[in-house]
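Below: the structure, in structure tokens.
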Amino acid sequence: MASPADRATTRVSNFIREIVSEDVAKGAFGGQVVTRFPPEPNGYLHLGHAYAARVSYEVAREFGGRFHLRFDDTNPLTEEQRYVESQIAALEWMGIDWGDNLFFASDYFPKLHAYAVQLIEQGQAYVCQLNQDVMRQQRGTATTPGIPSPYRDRSPEENLELFERMKNGDIAPGEAVLRAKIDMAAANLVMRDPVMYRILHVPHYRQGNDWCIYPIYDWAHCLEDSIEGVTHSLCSLEFENNRALYDWYLDQLGVHHPRQIEFSRLNVSHMVTSKRRLIQLVQEKRVDGWDDPRMPTVLGFRRRGVPAEAMCDFLSLISVSKAPTAVDISLLEYCVRQRLNSTANRVMAVLRPLKVIIDNYPEGQVEWFEADNNPESPEQGVRKVAFSRELYIEEEDFRIDPPPKYFRLSPGVEIRLKHAYLVTCESYVLDEATGRVLEVHCRYDPESRGGAAPDGRKVKGTSHWVSAAHCVDATVRLYDRLFAVEDPEDGDFIENLNSESRVDLGGCKLESYLAEVGTEVVQFLRQGYFAADRVDSKPGELVFNQVVSLKDSWAKIERRAR
RNA sequence: AGGGGCGUCGCCAAGCGGUAAGGCAACGGGCUUUGGACCCGUCAUUCGCAGGUUCGAAUCCUGCCGCCCCUGCCA
């Protein structure tokens, strides 16, 4: 059985595939392909991470290679076991399969230490005791070269001894670091004697108190890749400058040397994925938490009811490049509708109920109509829907004075009640005080059983409905884009929030079938896709989330009329 | 400013010297017991700009313009 990630739409070509395929063709790395996804367990995975994971996963899969999941846990200050677990769950949900290849960078600490000793012995690393501010100053600027550290020319012996003391906890945090001896005048700032190790007297969530020194990204990452035999190390564009250092460390050590390839991060319109911003949304309670259905986290998509397949389709469709991208969120919505259209059962749910009385329908009579669950796939079967004299229809499906092209119910007009009968509006009752329509009275055509026009007359409108005596109550949460503007970072990001990103509707009337559907996604006919909220919905207190609306061309007509 | 990158339709993106794929969006139309889905059609004489090479350039060369990344003991 293929997983969501495996079943997703495959895309055309991209520059990474081309590079890898050339490498394979010319026998580089023995013709092998090994990629990896290296998240830091310091937060929840979001769409951007999901994209990065898929890019590497797909390359491995396509070339019959290996894919590794490696937690890049080199900073004990921010990392926690619970994030490891949540990230694993997110990737599993997506259907990404790393087999037995689950690794932790912190397990390589002893090896990394040995390599550092080697570099010191080669005279290419030294212990620097400049304080942080001075070191920063002496690094120079983009236009001026840096100043060599006074500790730069210590002997390997002295460096080895000091490094040992750092490791043993004999030197206080901030008092010394291990630096690579490269070039303080390099045009690439990354190469100006970068730090390899800093002292941190902090326990590591996985290694406990074993270490007092922790490796810096550049030093650790290339070696993690090398140790695992990675061939193509795919990462985001901001590491382009770091590639020089990635290559330098590996060259000096003379070890297996993967090829780093950078690609553009994913940005989506009306969405924000910077960790800082997401934390702010949660902390200021602009959303309900990390799994709020409006959040771009994997947790959020999952709770919203987005199928993993749809998310994977989207991530595949956008391809990979080095150009700064901002994909329109409508493509994601399209992928979600696309997947759900073929799989979701159709049901009737009235969100804003308006009472309808069929005056010529016998009181107390109940008919059970057979309704197809999905006209697109008959194999999804049928269900029974109760019809009686008192019904509810959608408030917006009735207008006293219908505007042009309004194909719904209005005085004297006949419409079809889906699966049931053709009905004609004969009168309506107004609330004296508010002027609101209280109830609508109709006459039904007994000959139109099942909704067919007996004489072939054209009935343009079809409404969904629910029998008042047979429906169940529920709260329905309508969700929309979290941000009202395309680029939330343009201007005040908080002010760009969409005030109507969540609208709660109480007293909705659902077909009774919905009382027991579980969390599968269903289509509320003519409205959209919905699923019971896995946290808040309980028997007798149903809560449904909108996954995505159906396309609504009437809304467009109305908008244009205004 | 120095270094590293990027610029093809509103958005994403193929294209690799032979005369601009595709998807989303949009717009027309058909069909419809969901104003959904589906189907059909329209949508870049032009590839950031300006020169040059060539029979021929989005693709090669030169210059310019615009945007992004880099001066953590974060990743």
Side-chain angles (χ1 to χ4, degrees), chain A residues 9 11-14 18 38-40 42 72 74-75 77-78 128 130-132 135-137 139-146 173-179 186-192 194-200 213-214 216-218 220-221 235-244 262 264 269 314 317-335 337-338 341-342 346 348 371-372 374-376 405-408 415-420 422 448 450-453 459-464 486 523-528 549-557:
Chain A
T9 321
R11 71 183 123 66
V12 280
S13 80
N14 70 56
E18 238 166 75
E40 183 183 14
N42 68 349
D72 200 5
T74 57
N75 184 354
L77 263 14
T78 59
C128 180
L130 248 28
N131 78 42
Q132 211 170 145
M135 202 198 285
R136 186 176 303 129
Q137 268 172 30
R139 187 152 26 232
T141 68
T143 43
T144 62
E175 299 284 296
V177 293
L178 184 70
R179 286 228 257 175
N188 182 354
L189 278 351
V190 166
M191 300 299 276
R192 317 249 259 227
V195 172
M196 294 163 60
Y197 274 101
R198 77 279 211 185
I199 299 169
L200 251 28
I213 54 172
Y214 291 91
I216 293 298
Y217 172 84
D218 293 293
H221 205 89
C235 62
S236 52
L237 243 35
E238 73 242 50
F239 292 106
E240 280 177 320
N241 293 320
N242 302 58
R243 188 177 62 237
E262 309 85 10
S264 203
S269 75
F314 170 72
L317 277 173
I318 54 189
S319 192
V320 182
S321 75
K322 297 185 81 156
T325 60
V327 183
D328 199 298
I329 198 169
S330 64
L331 183 61
L332 208 207
E333 294 168 347
Y334 165 80
C335 291
R337 290 190 186 106
Q338 190 72 23
N341 179 50
S342 55
R346 272 63 170 165
M348 296 197 282
D372 48 4
N374 188 342
E376 314 262 318
K405 293 195 179 161
Y406 184 84
F407 306 137
R408 306 179 186 184
I415 62 160
R416 172 171 24 247
L417 293 179
K418 178 81 176 172
H419 303 304
L422 299 182
S448 65
V459 178
K460 190 79 176 143
T462 299
S463 278
H464 57 279
E486 238 176 68
Q523 183 192 100
F524 286 4
L525 224 56
R526 302 208 297 136
Q527 306 190 100
S549 68
L550 241 34
K551 281 219 265 186
D552 185 354
S553 50
W554 167 244
K556 201 188 293 171
I557 293 169

Donor-acceptor pair under 3.5 Å: do we get one between E18(A)'s side chain and the base of C16(B)? yes

Is there a donor on the side chain of R408(A) or the base of G35(B) sitting less than 3.5 Å from an acceptor on the other? yes

Paired nucleotide for [N] [Watson-Crick or G-U wobble; both distances under 3.5 Å]:
| N | answer |
| --- | --- |
| U71(B) | none |
| U34(B) | none |
| G56(B) | none |
| U42(B) | A26(B) |
| C6(B) | G66(B) |

Pick one: which of D328(A), L332(A), V327(A) meets side chain to side chain contact (heavy atoms under 4.5 Å, CB included) with I318(A)? V327(A)

Euclidean distance, atom [atom1] of residue [X] to atom [atom2] of [N] [Å, nearest integer]:
| X | N | atom1 | atom2 | value |
| --- | --- | --- | --- | --- |
| N341(A) | U32(B) | CG | P | 18 Å |
| K418(A) | G35(B) | NZ | C1' | 13 Å |
| E333(A) | C11(B) | CD | P | 18 Å |
| E486(A) | C24(B) | CD | P | 18 Å |
| F314(A) | A25(B) | CZ | P | 13 Å |
| L332(A) | C24(B) | CG | P | 14 Å |
| I318(A) | A13(B) | CD1 | P | 9 Å |
| D372(A) | U32(B) | CG | C1' | 13 Å |

Return the 5'-most residue of the pair F524(A), R243(A) with respect to RNA chain B, ranking by each residue's nearest nucleotide. R243(A)

In B/S/- notation, 5' to 3', how is nucleotides 67-75 of chain B contacted by protein heavy atoms closer than 4.0 Å? --BBBSBSB

Considering only side-chain heavy atoms of [X], which listed nucleotide, [options], is closest?
| X | options | result |
| --- | --- | --- |
| S553(A) | G35(B), C24(B), A37(B) | G35(B) |
| E240(A) | C24(B), G35(B), G5(B) | G5(B) |
| V327(A) | G35(B), C12(B), C24(B) | C12(B) |
| L331(A) | G23(B), C6(B), G35(B) | G23(B) |

Do the non-hydrogen side-chain atoms of [X] and [Y] ever get within less than 4.5 Å of each other?
| X | Y | value |
| --- | --- | --- |
| L331(A) | F314(A) | yes |
| K418(A) | R526(A) | no |
| R243(A) | V190(A) | no |
| I415(A) | S463(A) | yes |
| E376(A) | R346(A) | yes |

Does the side chain of S330(A) get closer than 4.0 angstrom to OP1 or OP2 of C24(B) through an N or O atom? no

Is the phosphate of C6(B), meaning OP1 or OP2, less than 4.0 Å from a side-chain N or O of S264(A)? no

Taking any heavy-atom pair under 4.0 Å as a contact, classify [X]: base, sugar-phosphate, or nothing.
| X | value |
| --- | --- |
| Y334(A) | sugar-phosphate |
| K551(A) | sugar-phosphate |
| T143(A) | base |
| S342(A) | nothing |
| K556(A) | sugar-phosphate |
| Q523(A) | base |
| A326(A) | sugar-phosphate |
| R337(A) | nothing |

Using atom [atom1] of each nucleotide, how far apart are [N] and [M] to the nearest Å?
| N | M | atom1 | answer |
| --- | --- | --- | --- |
| A75(B) | C65(B) | P | 38 Å |
| G30(B) | A44(B) | C1' | 28 Å |
| G29(B) | C67(B) | C1' | 41 Å |
| G15(B) | C47(B) | C1' | 10 Å |
| A58(B) | U19(B) | P | 11 Å |
| G7(B) | C74(B) | C1' | 30 Å |
| U46(B) | A21(B) | C1' | 15 Å |
| A20(B) | G56(B) | C1' | 15 Å |

Is the number of heavy atoms from other residues, nucleotides or ligands within 6.0 Å of CD (E40(A)) greater than 12? yes

State the [atom1]-[atom2] distance between [X] and [Y], to the nearest 0.5 angstrom.
| X | Y | atom1 | atom2 | result |
| --- | --- | --- | --- | --- |
| S330(A) | R337(A) | OG | CZ | 8.5 Å |
| M135(A) | R192(A) | CE | CZ | 14.0 Å |
| R179(A) | I216(A) | CZ | CD1 | 12.0 Å |

For G72(B), decide between syn and anti, treating a glycosidic angle within 90° of 0 as syn. syn

Can you name the closest pair of heavy atoms from R416(A) and G451(A) and give their distance? NH1-O, 2.8 Å

